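Here's the structure, in structure tokens; my notes come after.
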2 protein chains.
Amino acid sequence: MPDDAAEAAKRPHISDATLRGLVGYNMKRAFMAVSADLARTLAPFDLRMLTFTALTLVADNPGLSQSQLAQAMTVERPNLVVIVDELETRGLITRDRVPTDRRTYALRITVEGARLLAGAARAVGAHENLMMGGLAKAEEAALISTLNRIEASGKGRS
Amino acid sequence: MPDDAAEAAKRPHISDATLRGLVGYNMKRAFMAVSADLARTLAPFDLRMLTFTALTLVADNPGLSQSQLAQAMTVERPNLVVIVDELETRGLITRDRVPTDRRTYALRITVEGARLLAGAARAVGAHENLMMGGLAKAEEAALISTLNRIEASGKGRS
DNA sequence: TATTGTTATACTCTATAACTATA
DNA sequence: TATAGTTATAGAGTATAACAATA
């Protein structure tokens with residue numbers, strides 16, 4: 001009985017059957033696979049998931065403030081500062097003072113930022129097609145809908 | 001037209017419609033909600049997702065080595081060391097030398113570890129029920145199956 | 001008083017290189 | 001030479017407290 005080590009050493013597959021019953025475990029593994037591939041996809045554009053997300057939200061919501069962007073991204077304000085700093089330093093977005101409320105900055109994408117984003121968005125689209133290639137359209141829609149329901153469940157308990 | 005900031009400031013909702021079309025974005029948001037709730041669930045047991053996962057795998061695969069555990073968890077060996085150290089220091093698992101291969105350790109859960117894990121697993125089950133409460137059984141099974149397919153897509157591209 | 005943006009700081013998770021002891 | 005475990009280290013991502021400027 002204490003010789004289970006010899007068995008385990010030979011055993012090629014470790015059983016994670018217990019954990020496979022938990023949605024969270026499967027979600028973590030799938031998310032890590034997707035985010036690793038996304039990182040590879042964005043690397044040529046010198047973007048990460050967070051900077052790509054921020055750039056997209058700024059493009060779609062011109063003039064929004066850092067607080068609004070932080071809330072949309074579910075990121076604490078202090079953490080967003082470095083992200084916005086990086087995008088501004090690279091000339092991808094602008095940070096303009098707002099006359100009506102001089103505490104806030106209005107974020108807008110630049111022409112160069114829009115050009116970079118267009119290419120990155122195409123690459124991300126291809127990445128999504130490859131990662132989700134095995135899924136039917138309806139299946140993908142069901143997945144997104146289910147994920148959103150789970151996200152909402154979490155919000156109610158925070 | 002440069003006055004979009006005034007509009008954006010008043011706009012209560014920032015649009016993330018573009019990103020909502022990406023599975024990866026929805027997965028990150030759902031995963032963060034789940035893992036935050038899981039962290040709260042495990043805190044009373046002084047466990048985190050990684051230590052809970054490791055403890056479960058050791059319980060289900062007595063005698064396995066650290067390399068096998070690391071591979072099962074998709075964690076690099078150096079990062080697993082501190083996890084195993086913590087569990088061993090707390091008396092939740094044992095780390096025994098294997099006579100047939102003195103390089104490896106055989107990991108086994110202790111009685112105390114099994115007792116803690118039993119309570120933690122019950123709490124995690126309750127957490128899962130709450131987070132996935134809105135899903136039908138079939139829907140949950142479909143979700144897990146889809147997540148596994150996505151995980152496999154990623155493996156093929158690493 | 002409350003809010004925006006900021007600084008400083010710390011903790012967790014992840015990744016790589018290089019070492020040791022065994023095989 | 002190859003593998004198991006280890007050390008050291010670095011880089012992301014996330015979280016909180018506290019501050020200055022502005023409302």
Side-chain angles (χ1 to χ4, degrees), chain A residues 5-6 8-10 14 28-29 31-40 42-43 46-54 63-88 93 95-107 158, chain B residues 5-6 8-10 28-29 31-40 42-43 46-54 63-89 93 95-107 158:
Chain A
K10 286 174 209 147
I14 297 301
K28 176 176 182 180
R29 298 184 67 97
F31 174 65
M32 286 194 61
V34 168
S35 73
D37 193 74
L38 179 60
R40 284 190 291 270
L42 290 174
D46 229 315
L47 290 172
R48 290 158 293 140
M49 191 177 332
L50 283 172
T51 50
F52 172 78
T53 302
L64 89 172
S65 70
Q66 292 187 195
S67 284
Q68 289 175 316
L69 179 55
Q71 188 181 8
M73 293 178 66
T74 323
V75 161
E76 296 301 319
R77 269 75 76 217
N79 298 325
L80 186 72
V81 173
V82 296
I83 296 172
V84 169
D85 278 351
E86 183 186 328
L87 294 175
E88 187 195 24
I93 66 172
R95 185 146 54 166
D96 299 325
R97 279 290 183 196
V98 176
T100 52
D101 185 344
R102 289 181 43 73
R103 290 172 303 181
T104 79
Y105 284 114
L107 307 178
S158 57
Chain B
K10 286 174 211 147
K28 176 176 182 180
R29 299 184 68 98
F31 174 65
M32 285 193 62
V34 168
S35 72
D37 193 72
L38 179 61
R40 283 190 292 270
L42 290 174
D46 230 317
L47 291 172
R48 290 158 293 140
M49 189 176 336
L50 283 172
T51 50
F52 172 78
T53 302
L64 88 173
S65 70
Q66 293 188 195
S67 284
Q68 290 176 314
L69 180 55
Q71 188 181 8
M73 292 178 66
T74 324
V75 160
E76 295 300 319
R77 269 75 76 217
N79 298 326
L80 186 71
V81 173
V82 296
I83 295 172
V84 170
D85 278 350
E86 183 186 329
L87 295 176
E88 187 196 22
T89 300
I93 67 172
R95 184 145 55 165
D96 300 325
R97 279 290 181 197
V98 176
T100 52
D101 185 344
R102 290 181 44 71
R103 291 172 303 181
T104 79
Y105 284 113
L107 307 178
S158 56

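Just so it is clear: chains get the letters A, B, ... in the order the sequence lines come, proteins before strands, and each one is counted from 1. It should be emphasised that the depicted structure is a prediction, and the values quoted were computed from it without experimental measurement.
Put simply, CG on B:L69 and CD1 on A:I14 are 8.0 Å apart, with the number rounded to the nearest 0.5 Å. Interatomic distance, CD1 of B:I93 versus CG of B:L107, reported as 5.0 Å (0.5 Å rounding). Taken to the nearest 0.5 Å, the CD1 atom of B:I83 stands 4.5 Å off from the CE atom of B:M73. For the atom pair B:S35 OG and B:R48 CZ, the distance stands at 13.0 Å (nearest 0.5 Å). Rounding to the nearest 0.5 Å gives a distance of 5.0 Å between CG of A:L38 and CE of A:M49. Rounding to the nearest 0.5 Å gives a distance of 7.5 Å between CG of A:D85 and CD of A:Q66.
Contacts of B:L50 with the nucleic acid, taken as non-hydrogen atoms under 4.0 Å apart, involve only primed sugar atoms and P, OP1 or OP2.
Residue A:S67 places none of its side-chain N or O atoms closer than 4.0 Å to OP1 or OP2 of C:dT3. Regarding contacts with the backbone of D:dT14, every side-chain N or O of B:R48 stays at 4.0 angstrom or more from both OP1 and OP2. Using a 4.0 Å cut-off, no side-chain N or O of B:T104 falls inside it from OP1 or OP2 of D:dT3.
B:L80 places its CG atom 12 Å from the C1' atom of D:dT6, with the value rounded to the nearest Å. Spacing between atom CG of B:D85 and atom P of D:dA8 amounts to 12 Å, rounded to whole angstrom units. As a whole-Å value, the separation of A:Y105 OH from C:dT3 C1' is 15 Å. In this entry the distance linking CZ of A:F31 with P of C:dC13 reads 14 Å, nearest Å. Straight-line distance from the CG atom of B:L38 to the P atom of C:dT12: 15 Å, rounded to whole Å. For A:M73 and D:dA12, the CE to C1' distance is 14 Å, given to the nearest whole Å. One atom, CZ of B:F52, and another, P of C:dT12, lie 19 Å apart when rounded to the nearest Å. Look at CD on A:Q66: it is 9 Å from C1' on C:dT6, rounded to the nearest Å.
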**Complete:** Protein heavy-atom contacts under 4.0 Å, written 5' to 3' over nucleotides 15-23 of chain D as B (base), S (sugar-phosphate only) or - (none), form the string BBB---BBS
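For the pair B:L80 and B:R77, the minimum side-chain heavy-atom distance is 4.5 Å or more.
For A:V81, the listed nucleotide lying nearest its side chain is C:dT6; candidates were C:dT4, C:dT6, D:dA12.
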